[in-house]
Each structure stands twice: as C-alpha cells, then as structure tokens.
Amino acid sequence: MGSRASTLLREEEIEEIKKETGFSHSQITRLYSRFTSLDKGENGTLSREDFQRIPELAINPLGDRIINAFFPEGLDREDQVNFRGFMRTLAHFRPIEDNEKNKDPTASEPLNSRTNKLLFAFRLYDLDRDDKISRDELLQVLRMMVGVNISDEQLGSIADRTIQEADQNGDNSISFNEFIKVLEKVDVEQKMSIRFLH
Amino acid sequence: MVLFLDFNPFDNLLCILLGISFTVWFTLLLVFIIVPAIFGVSFGIRQLYMKTLLKIFEWATRRIERGAKDKNHPLHKPYSNAIIAKEPTSLEEEIKEIRRSGSNRDLDSASEFEMSDIFYFCRRGVESIMDDEVTKRFSAEELESWNLLTRSNYNFQHISLRLTVLWGLGVVIRYGFLLPLRVTLAFTGVGLLVVLTSIIGFLPNGRTKNFLSEKVHLMCYRICVRALTAIITYHDSENKPKNGGICVANHTSPIDVIILASDGCYAMVGQIHGGLMGVIQKSMVKACPHIWFERSEVKDRHLVAKRLSDHVEDKTKLPILIFPEGTCINNTSVMMFKKGSFEIGSTVYPVAIKYDPRFGDAFWNSSQFGMVSYLLRMMSSWAIVCSVWYLPPMSREEGEDAVQFANRVKAAIARQGGLVDLLWDGGLKRGKVKDTFKEEQQKLYSKMLVGTQEDRSRS
C-alpha cells in the first residue's frame, strides 16, 4: 500500500488551504488522498504525466488544456504542481454558497466566484495568455473538440461567426470582458461547479 | 574429569528437549493440517480464529476512534468511495441545457457553436481529476476499520499504548509463529505436488492415472490453502464446471488459482515460466493435460484459440480455467473481459470470487511487489478470507457476438460478487487508453454542430 501519503497533511496547512479555497476539512483530506494516489513518483507533486494517466481525462477532447490550467507557468515539460496549487485550481469548481453571494466588497474575490469561473474557461481558449482570444486560438480549441469530422472551411466560418457576434471593439478577437458579455445569461454557477457528497 | 561430567548431561538434555519439541511440532502439523488436507475435512479451527480476530479488530477501531475524538482530530477518510456527485447526463443533453440557459435569441435558429460549450468538457475533465472510476481499481482497497497491520493503517498517530501492545503481539504471532508455519506448509505442498505428479507421469494413460492425478492435485492445493490460512466459503457447488467447459472468474491475485483448484480439478492455461514456476508447470503437465504456451506462441491468437478448442472438444479432459480480465484488479470491480475465450463456443461456467479485505488484502499490485514479496505479505497477514460463487452455466445465444456474450457473463459475475461492472480495459493499468474513445466524443460533438447546419440549409 505504498501510495499512502509519506507525510500526512499538517493541521496548519489544512487551515491555510481552507481559508484560501473555502473547502471544508473533510473535503481537503479526501482530495489529499486523491492527490497522493495520483502522485506515482511519491515526491509530493504531480506532473503532466500523472494527470494523463487518468483514462477519463485522456479521452476528454480538451484534456490537455485542462491539465494546462494546473501549470500556470508556461508550457515547460518539467512542470510540477504541489498540493496547494492543485487545490487552488480545483477551488474554481466549488459551488457558490448562498452566504457567499453577499459578502462585503472589500474582501478579495473568492476563487469560485462567477468571474473566476469564467476566467478559468477563458484561459482554456487563450493559450498565449495575452488576454485575447484570437481567431487562431478559437480555431485550435474548435479543432480539438470536433476532431476530424468537420472541414477546415466549415470550422473557419463557425469561428468567424462567433467572433463577429462577440467582438465589440472591432479588433477581431474576444477580450475577457466581451467573453463575459456573451455569456452573461448562462448559468455559470451551476454548470461550472462540482458538488461534493460530504 | 568432574567438570566434563557437569557439561555433558546438560548438553544431552538440551538436545533431547529440542528433539522432542521438533517431533511434537511436526506431529501437530501432520495431524491438524496435513492429514485433514489429504482427506478434505476440517476441524473448524480456522473459523474460530476468524471470529476471534473480528472481535479484536472491532475493538481496535473503536479505540482509534475514541483516541481521535479525544484529541479532536478528524480521522483520515478512505478515498475509495465516491467523493463527488456525478450526473449521468449525456454530452448532447448537457450542452443543449447550457445553451438554452444562455440563449438570448429565439429557439428556431439553433446556434451551431456557443463559447459556453466548453463548460461541459471542462467540468467533466475536472470531475475525472477529482475522482475517476479506473485508476482506483489498481491499488489496494482502503479499509474503514483497522486490522492491526501496519500496512493498512493511516491513523497511526491516534494509537494508544494498549493498542500498540496488541499490535506488537500481533507482529510476534504473525512473523514468529504463523509465517514459519505457513512457509513450511507451502514448501511441503509444492514439493509433494512436483514429486507426486512426476511419479504419476510414469503411469499409462487411463482411468487410474486420471483418478490419482485428481487426488494428488486436490491434496497439494489443499495444503497450499492451509499454507495461506485461506478460509474459503463455496456457494452453489452444484454449478461446478464440468469437462468440456470453460471456467471464467474475476482475477485479483495468483492465489485465485489455488482457491479454485482446491475444490475441483481444472486444466490451467498460461505461459511457461522459467525457474521454480517452470519446474512446477512441467511436472503438473505429466499427470494431466494442462495448456502451457511458449512465450512466442502467446501472441498468435489463432494458435491459442485452436489449442483451447481442441482441448474443449475432448470430453475426457478437464475444464479450462481462464481469467479473461488478463490482469489483477483490486477486487472492487470487474473490468473488461477479453473476448478470446468467449469465441470458442463451449459452455462457460462463470465463477465470482470476493475477498474479505479485513483479514489481509489479497490484491497483487505487480508494479509494487514482485511475486516473492507478495507471497511473503500474504503469509504474514492474518488470513485470506473469501467467498466463491459458482454461477449457473451460460452459452452464447443466437445473434450474440463474442463481445456481447463476454459482457453478459461479466455482468453476472459482478452482480453476484457485489462488484462494480466496468467497461474499461484492465490493460489501462500499464497502457494508455485507446484514441477511439476520444474520437467517439469528438464525433458526438461534431454532430451537434453540423447537424444544425443541415437543418438550416433545408429550411
């Protein structure tokens, strides 16, 4: 049973993660179990290969982009993510509780706010992190999602139409604010949230 | 002279004592373990042992919970149960729902692509990162209660003094008494198997040879069962596999073979190994026909299928024992059955094996432990407790292909053993998942985009 944690999570760390992400104590310990079972190298960090070993993620058309979200520092192959980083990214998918909706505006925005959820999705498109989704970037994501089943021309026209509808300042790309505007009616809170059983 | 006289009697006494204890030891061994194994009877010692152990484990778990509550620390929870709620909606349904909620245009001109479509893939992806159905099947199941083995304890900071003493006692008993006993038995069992089957090999083929071979095989496997202190409950023995059939079972460890073969005679299928395994295999095949393949022959599927069907057609030969998963799974689920054995067209006798993990985890994680360290772990656990169900025989029905038949058998085994029925391939333990699954999803999504265009061009 060697995939047991070689160092158990300290109470102080759990408290810090709780404050930063909003997960409960038991959710954090369960996710820590999950983290250590994915960590085949047993060095306290996960690499891209560790994620790619999950079959359900490997068959997800956007699997690679989702894995990218855990490694914010460029596309270096040597990247590793520790448990804090792991939790910070997962925190985006925590459901928004009612008592959080009317928090005081001076507190920093929680990781699972509507805006941050939309930012997570935006970053899946915006590969070069220039805060704009260009036509190429949109095409890349579309190609990942449809595979070989749609021709280049058709895909191109879909991309053009999408940019045309969303673009407001005429720079032929979609900025984050334009992105938010297009999706303002979508139930982001529900669709980008994962409910825990405990 | 006087000094020497003082030493001699003492030495003699020591020798005599040692001699007596060895004799007593071996007599006890013979009477209580080997002789019952030969005749297939049981004194019920193991049942009693099991009940006592269970009571101790419950006590130990209560103490840990009390210890944890006193210090106000929550206990480490096993992750093998589901962490998150997963909705079983399909790709199409879910994306339509997302689009409907965000749509600010009339529903007649259904849009072909929305930027919110990626939410579906996003969420499914992160769900699988938090909890997926496959990777947890390849590591040992985590227990809710503690069974006094260090290897399965995650809350060791909560152990009180009394519990530590009990654990220490457990270590002494397991490594000092049980392990040597079991190793002796194992050597006896294997040794007898090799020697006796080689002797039987000299007999001419016929009824006597088959009869003797059956008795010898059963006896040696029963000794091996006692070497692991395996406490097995067989259910529905009227469905036991008959000659000319194929017995399929779910695979958790190499011990599965010993468990099934100690209750019935089977023809084994497998690759010839070198070393001790090879010696055992070669001598077994002298007494009755098993199907061993050279390494090179294993890849040739037609050859394998031919040898299996030839064996099955000869009604004097024993039923074949096959594990269609092809690899060891941790006994919480049943994974994809390889269709080879289901193409042959004979009656299939499904068998479900479920281990009770409280006494010792039987799963062989071959990437973590080699065979020898695995066997040592097995022999130093408390016991191996399992249930075997013989399911009614099944045959391929009209219009059913091998894959559908395999899935039907798999579902029956999973249902009986209380295991999760998965479509995933056990080969994912080592290999990558096939791209065809991703391509399926891409095709589904493309249909959503392109399908609407066709409707549009039609209107």
Side-chain angles (χ1 to χ4, degrees), chain A residues 1-5 8 11 25-27 29-31 33-34 37-38 51-63 66 90 92-93 120-121 124-125 141-142 144-150 154 158 161-162 166 174 179 182-188 190-198, chain B residues 73-74 76-79 81-85 94 97-98 101-104 112-136 139-140 142 151-152 154 157 361 368 424 428 432-433 435 437-443 445-447 449-450 453:
Chain A
M1 197 38 276
S3 51
R4 169 163 44 115
L8 285 176
E11 279 306 308
H25 200 295
S26 69
Q27 290 166 351
T29 45
R30 271 186 200 260
L31 286 173
S33 270
R34 173 64 170 167
S37 76
L38 290 174
F51 283 103
Q52 274 152 1
R53 231 176 267 124
I54 305 173
E56 286 165 28
L57 188 62
I59 66 169
N60 189 317
L62 293 180
I66 297 172
L90 290 181
H92 287 98
F93 286 82
F120 187 92
L124 245 65
Y125 285 107
V141 172
L142 277 169
M144 284 176 90
M145 290 200 282
V146 305
V148 299
N149 300 293
I150 298 186
Q154 247 182 320
I158 292 177
R161 215 184 321 248
T162 314
I174 306 178
F179 186 71
V182 170
L183 299 174
E184 67 186 345
K185 291 226 182 104
V186 176
D187 186 5
V188 177
Q190 219 237 338
K191 292 303 167 190
M192 289 279 276
S193 291
I194 297 176
R195 204 166 48 85
F196 271 78
L197 289 173
H198 305 271
Chain B
H73 282 171
H76 169 109
K77 293 275 183 336
Y79 126 78
N81 311 320
I83 306 182
I84 52 185
E94 188 109 9
E97 231 186 274
I98 302 179
S101 69
S103 177
N104 47 8
E112 44 189 10
F113 169 69
E114 289 282 353
M115 299 207 78
S116 56
D117 285 352
I118 65 163
F119 288 179
Y120 170 76
F121 293 110
C122 241
R123 203 183 88 210
R124 279 291 148 97
V126 177
E127 270 178 5
S128 67
I129 293 178
M130 286 191 184
D131 187 14
D132 79 303
E133 279 302 314
V134 183
T135 54
K136 62 190 181 194
S139 59
E142 294 188 18
R151 59 190 78 149
S152 47
Y154 318 98
Q157 69 265 44
D361 182 38
Q368 241 182 347
W424 295 96
L428 290 172
K432 292 220 145 118
V433 65
D435 280 332
F437 293 108
K438 191 196 279 202
E439 283 157 22
E440 264 171 46
Q441 290 212 44
Q442 287 170 331
K443 219 186 285 198
Y445 182 63
S446 311
K447 241 189 272 199
L449 296 194
V450 171
Q453 252 205 354

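Residue numbering restarts at 1 for every chain, and letters A, B, ... go by the order of the sequence lines.
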- Could you tell me which of A:Val141, A:Leu31, A:Leu142 has the largest number of non-hydrogen atom pairs under 4.5 Å with chain B? A:Leu142

- Listed by chain and number, what are the side chain to side chain contact (heavy atoms under 4.5 Å, CB included) partners of A:Asp187, not counting sequence neighbours? A:Glu189, A:Gln190, B:Ser101

- Task: Kindly indicate whether the side chain of B:Met115, heavy atoms from C-beta on, has any atom under 4.5 Å from the side chain of A:Tyr125.
- Result: yes

- Query: Hey, what do you get for CD1 (A:Ile66) to CD1 (B:Ile118), rounding to the nearest 0.5 Å?
  - Reply: 8.5 Å

- Message: A side-chain contact here means heavy atoms from C-beta on lying under 4.5 Å apart; do A:Ser37 and B:Thr135 qualify?
- Response: no

- Part of A:Ile150 lying under 4.5 Å from any heavy atom of chain B: side chain

- Heavy-atom contact with chain A under 4.5 Å, split by part of B:Glu133: both

- Message: Would you say that A:Asn60 contacts B:Ser128 through its side chain, given a criterion of any heavy-atom pair below 4.5 Å between the two side chains?
- Response: no

- Query: Does the side chain of A:Phe93 come within less than 4.5 Å of B:Glu127's, by heavy atoms?
  - Reply: no

- Heavy-atom side-chain proximity of A:Leu183 to B:Phe119 below 4.5 angstrom: yes

- Go through A:Arg30 and B:Met130 one step at a time and tell me if the side-chain contact (heavy atoms from CB on, under 4.5 Å) criterion holds. CA-CA 9 Å; A:Arg30 271 186 200 260; B:Met130 286 191 184; over 6 Å; no

- Structural part of A:Leu57 lying under 4.5 Å from a heavy atom of chain B: both

- Note on the structure: Most heavy-atom pairs under 4.5 Å with chain B, out of A:Leu62, A:Ile194, A:Ile174, A:Thr162, belong to A:Ile194

- Query: If you count heavy-atom pairs under 4.5 Å with chain B, which of A:His92, A:Met192, A:Glu56, A:Arg195 comes out on top?
  - Reply: A:Glu56

